[in-house]
Amino acid sequence: MARKNNDAPNKRVMNKGAWTAEEDRKLAQYIEAHGAKRWKSVAIKAGLNRCGKSCRLRWLNYLRPNIKRGNISNDEEDLILRLHKLLGNRWSLIAGRLPGRTDNEIKNYWNSHLSKKIRATSTKLESIPQETHDTKPDPMDTRQSESSEVDFDISDFFDFTAEGCYGLEWVNKFLELDQSNVIN
DNA sequence: AACGAAGTCAACCGCTAATTT
DNA sequence: GAAATTAGCGGTTGACTTCGT
């Protein structure tokens with residue numbers, strides 16, 4: 001995993017690549033004591049020879065409390081598919097609806113698992129006569145929605161700034177809408 | 001057992017938006 | 001209001017792992 005460090009020789013050389021347990025510990029301890037803001041100074045004050053960006057990413061994707069790792073459930077997968085249909089590649093928004101999941105994890109999961117699934121499904125659909133999938137679109141078929149194709153402003157419809165929007169209320173709202181579209 | 005191909009995922013990069021000075 | 005700094009996002013890379021031959 002370690003990447004080559006090819007910074008200019010007279011520049012301060014920052015660590016790159018995989019994080020060590022020691023670096024993780026330093027970062028976690030510092031953030032616990034001082035909070036997660038001003039990543040550049042976090043990096044310096046925590047005694048990490050890393051750029052702020054790298055620290056932020058490590059914290060958000062790995063060290064943050066309540067992170068769920070691996071084993072994406074069927075429910076979560078279904079939700080990702082539906083949200084992607086609605087939002088397109090807006091991974092952070094999708095991740096925001098899946099407590100404990102990170103945008104990076106969802107993006108990776110999409111690219112390595114779901115995109116293939118979808119391709120397989122759409123290949124299957126191509127062999128089916130047109131009118132069958134005109135009337136009842138398969139939720140897995142995102143050919144028409146690689147990027148979101150809804151004809152309204154999503155943020156007008158859903159309040160993404162609201163606290164506690166991890167709840168299922170807005171999801172249900174969307175899923176109801178999705179269902180009624182299928183029926184019509 | 002050895003090797004190459006394909007899959008996975010942590011981390012980096014480049015860019016834009018938001019915030020601060 | 002302008003410039004500088006910081007935060008956050010999505011795309012991409014590349015080391016490691018797994019699988020097939």
Side-chain angles (χ1 to χ4, degrees), chain A residues 1-9 11-28 30-74 76-77 79-123 140 142-143 145-150 153-156 158-163 165-166:
Chain A
M1 192 74 60
R3 285 161 181 251
K4 288 187 193 91
N5 205 330
N6 52 358
D7 285 354
K11 254 184 157 178
R12 188 172 169 206
V13 179
M14 293 288 186
N15 284 350
K16 282 188 180 181
W19 280 66
T20 64
E22 175 66 9
E23 285 177 313
D24 282 347
R25 191 185 55 75
K26 281 182 181 175
L27 180 61
Y30 183 89
I31 289 173
E32 209 170 302
H34 302 95
K37 52 188 173 182
R38 298 244 161 205
W39 290 106
K40 203 175 171 182
S41 71
V42 166
I44 295 163
K45 289 177 183 167
L48 293 161
N49 192 24
R50 295 267 182 179
C51 67
K53 257 182 160 179
S54 181
C55 294
R56 176 186 161 270
L57 203 71
R58 185 63 178 171
W59 173 255
L60 291 178
N61 289 343
Y62 197 84
L63 297 173
R64 193 162 49 113
N66 307 322
I67 285 263
K68 272 195 229 167
R69 306 193 63 75
N71 298 326
I72 294 208
S73 67
N74 290 339
E76 285 176 311
E77 185 179 304
L79 190 52
I80 292 168
L81 285 162
R82 287 166 182 271
L83 289 170
H84 187 270
K85 191 177 176 188
L86 176 69
L87 301 169
N89 293 0
R90 293 162 79 176
W91 307 115
S92 63
L93 278 179
I94 295 173
R97 310 301 127 184
L98 290 149
R101 299 294 183 188
T102 69
D103 55 350
N104 210 31
E105 188 179 16
I106 288 169
K107 179 170 62 181
N108 282 334
Y109 188 74
W110 179 271
N111 289 331
S112 58
H113 296 83
L114 299 182
S115 61
K116 267 176 241 157
K117 235 179 183 176
I118 282 156
R119 231 177 294 140
T121 311
S122 56
T123 309
M140 305 282 269
T142 60
R143 279 171 302 167
S145 56
E146 263 309 296
S147 60
S148 175
E149 55 130 37
V150 286
D153 186 344
I154 292 155
S155 41
D156 284 347
F158 302 116
D159 182 8
F160 288 122
T161 62
E163 286 295 324
C165 50
Y166 288 135

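Numbers restart at 1 for each chain; the letters A, B, ... are given by sequence-line order, proteins then strands.
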Considering only NZ, NE, NH1 and NH2 on the basic side and carboxylate oxygens on the acidic side, decide whether A/K26 and A/E23 come within less than 4.0 Å. no
Ignoring hydrogens and angles, answer whether the base of B/dA11 and the side-chain atoms of A/N61 contain a donor-acceptor pair closer than 3.5 Å. no
Atom-to-atom span, CD1 of A/I72 to P of B/dT8 - whole angstrom: 12 Å
Enter the distance from A/K107:NZ to A/W91:CH2 here, rounded to the nearest 0.5 Å. 8.5 Å
Quick one: is A/R56 getting a side-chain N or O under 4.0 Å of the C/dC9 phosphate, OP1 or OP2? yes
Quick one: is A/W39 getting a side-chain N or O under 4.0 Å of the C/dT5 phosphate, OP1 or OP2? no
Between C1' of B/dC9 and CZ of A/R69, the distance in whole Å: 9 Å
Do any side-chain nitrogens or oxygens of A/S92 fall under 4.0 Å of OP1 or OP2 in C/dC9? yes
Looking only at the side chain of A/N111 (C-beta and beyond, no hydrogens), which of the listed nucleotides B/dC9, C/dT12, B/dA11 gets closest? C/dT12
Before accepting this row, confirm whether a basic side-chain N of the pair A/K68/A/E76 lies closer than 4.0 Å to the acidic partner's carboxylate O. yes
In whole angstroms, the gap separating C1' of B/dA10 from CD1 of A/I67 amounts to 13 Å
Separation of B/dG7 P from A/L114 CG (nearest whole Å): 15 Å
Here the distance between atom P of B/dA11 and atom CG of A/D24, to the nearest Å, is 8 Å
Could you give the CG-to-P distance, from A/D103 to C/dT12, as a whole number of Å? 16 Å
Can you find a side chain N or O atom of A/N89 that sits less than 4.0 Å from OP1 or OP2 on C/dG11? yes
Whole-Å distance separating the CE atom of A/M14 from the P atom of B/dA11: 17 Å
Let's go through A/L27 and A/Y30 carefully: what are the C-alpha distance in whole Å and the side-chain angles of both, what is the deciding distance for side-chain contact (heavy atoms from CB on, under 4.5 Å) to 0.1 Å, and is it a yes or a no? CA-CA 5 Å; A/L27 180 61; A/Y30 183 89; 5.6 Å; no
Does a side-chain N or O from A/R90 land closer than 4.0 Å to OP1 or OP2 of C/dC9, or not? no
Identify whether any heavy atom of A/K107 sits under 4.0 Å from a base atom; if not, whether one sits that close to sugar-phosphate; answer base, sugar-phosphate or nothing. base
Does B/dA11 have OP1 or OP2 sitting under 4.0 Å from an N or O in the side chain of A/R58? yes
Indicate whether OP1 or OP2 belonging to C/dT5 is found under 4.0 Å from a side-chain N or O atom of A/R38. no
Roughly how far apart are A/N108 CG and A/T102 OG1, rounded to 0.5 Å? 8.0 Å
Rounding to an integer number of Å, can you tell me how far A/K53 NZ sits from C/dG8 P? 12 Å
